[in-house]
Amino acid sequence: MRIAGITYESLADGPGIRVVIFVQGCDLGCPECHNPDSHSKTGGREHTVREVIRMIRKPGPGRKMVKGVTFSGGEPFLQAGDCAQIAFEAKRIGWDVTTFTGHTYEELMAREDADIRALLDLTDYLIDGPYIHEERDIGLKFRGSTNQRLIDMNATRKQNGKIKLYYGN
């Protein structure tokens with residue numbers, strides 16, 4: 001797995017205090033992206049999934065207050081299998097999972113890819129859609145532009161795939 005970095009305590013990348021894994025590599029390259037260093041598929045550092053799991057479980061001040069893990073990017077669905085393994089481990093320790101993607105939920109669901117489906121199945125909150133600088137809104141919760149959606153994946157699954165947006169705290 002190739003990652004650009006890890007942030008151990010974030011309030012800006014999903015509900016509650018979160019560990020954020022910034023995956024390396026993006027197939028979209030949105031203009032004005034806030035993580036352009038994560039676009040190259042050869043940048044960042046290579047780690048095994050097991051190493052990343054050890055890193056996110058590393059003890060530290062405030063770590064007992066962590067509520068979940070977030071996959072950001074780069075584009076997490078380019079490494080969906082590895083992210084799904086980490087998401088599975090996060091669920092085992094009682095964390096929720098937030099995943100950012102520049103693709104839409106509908107685009108991802110249309111793909112016949114077991115790894116993508118596995119990551120979607122383990123995701124509690126999906127922030128989807130490309131960042132569009134002309135639609136930038138710094139007042140949005142966890143998103144950068146108004147076209148992006150914050151999808152409650154658990155509610156969406158209960159509604160047989162009918163998208164339900166998240167409006168919680």
- prompt: Tell me, do L78 and D27 make a side-chain contact under 4.5 Å, heavy atoms counted?
  reply: yes

message: Suppose we screen for side chain to side chain donor-acceptor pair (under 3.5 Å). Which residues come up paired with D13, at least two apart in sequence or across chains?
response: S10

field: Polar side-chain atom of E75 near backbone of F77 as donor-acceptor pair, under 3.5 Å
entry: yes

- line: CG (N147) and CD (E134) are apart, to the nearest 0.5 Å, by 10.0 Å

message: So, taking the atom named CD1 in I3 and the one named SG in C83, what distance separates them when rounded to the nearest 0.5 Å?
response: 10.0 Å

- prompt: Considering all heavy atoms of both residues, which atom of G44 and which atom of R2 are nearest to each other, and what is their separation?
  reply: O-NH1, 3.7 Å

message: Pairing donors with acceptors under 3.5 angstrom, does anything connect the side chains of T146 and E135?
response: yes

statement: G29 and C26 have their tightest heavy-atom pair at N-SG, 3.6 Å

- line: To the nearest 0.5 Å, atom CD of Q148 lies from atom CD1 of I132 at 8.0 Å

Euclidean distance, H47 NE2 relative to R54 CZ, rounded to 0.5 Å: 11.0 Å

- prompt: Are any of the side-chain nitrogens in K58 or E51 under 4.0 Å away from the carboxylate oxygens of its partner?
  reply: no

message: With a 3.5 Å distance limit and no angle check, can you tell me whether T123 reaches the backbone of T98 through a side-chain donor-acceptor pair?
response: no

- prompt: Taking C-beta and beyond as the side chain, do R149 and T104 meet within less than 4.5 Å on heavy atoms?
  reply: yes

query: So, D113 side chain and I116 main chain: donor-acceptor pair closer than 3.5 Å or not?
result: yes

message: Within the structure provided, determine whether Q79 and D115 are in side-chain contact (heavy-atom separation under 4.5 Å).
response: no

- prompt: In terms of side-chain heavy atoms, does Q24 have a donor or acceptor partner in S40 at a distance below 3.5 Å?
  reply: no

- prompt: Between P76 and T99, which heavy-atom pair has the shortest distance, and what is it?
  reply: CB-CG2, 4.0 Å

- request: Group every Ile, Leu, Val, Met, Phe, Trp and Tyr by side-chain heavy-atom contacts under 4.5 Å, then state whether Y8 and M65 land in the same group.
  value: yes

- request: Compare all side-chain heavy atoms of D124 with those of K91 and state whether any distance is below 4.5 angstrom.
  value: yes

task: Taking atom CZ of R111 as the centre, report whether more than 12 heavy atoms of other residues, nucleotides or ligands fall under 6.0 Å from it.
output: yes

task: Indicate yes or no: does R117 engage E112 in a salt bridge with an N to O separation below 4.0 Å.
output: no

task: Decide if atom NZ of K67 counts as having more than 12 heavy atoms of other residues, nucleotides or ligands within a radius under 6.0 Å.
output: yes

- prompt: Heavy atoms, side chains only, cut-off 4.5 Å: are T156 and N154 in contact?
  reply: no

query: If you draw a 6.0 Å radius around CZ in R157, do more than 12 non-hydrogen atoms from other residues or ligands fall strictly inside?
result: yes

- request: In plain terms, say whether R143 and D128 are close enough for a salt bridge, that is, a side-chain N and a carboxylate O under 4.0 Å apart.
  value: no

message: What I'd like to find out is whether the side chain of V19 reaches to under 4.5 Å of the side chain of I6, using heavy atoms alone.
response: yes

message: Distance check, rounded to the nearest 0.5 Å: I21 atom CD1 versus M55 atom CE?
response: 7.5 Å

- request: Check whether any side-chain heavy atom of R18 lies under 4.5 Å from a side-chain heavy atom of V66, and answer yes or no.
  value: no

- prompt: Out of curiosity, does V49 fall in the hydrophobic cluster containing V97 (side-chain heavy atoms, cut-off under 4.5 Å, transitive links)?
  reply: yes

- request: Measure the spacing between OG1 of T101 and CD1 of I127 and express it to the nearest 0.5 Å.
  value: 10.0 Å

- line: Students should find that the hydrophobic cluster of F22, defined by side-chain heavy atoms under 4.5 Å apart, otherwise consists of V20

All pairs passing ring pair (Phe, Tyr, Trp, His ring centres under 6.0 Å) where residues 80-132 contributes a residue, at least two apart: Y125-Y166, Y131-H133

task: Would you check if M1 and V52 make a side-chain contact, meaning some heavy-atom pair closer than 4.5 Å?
output: yes

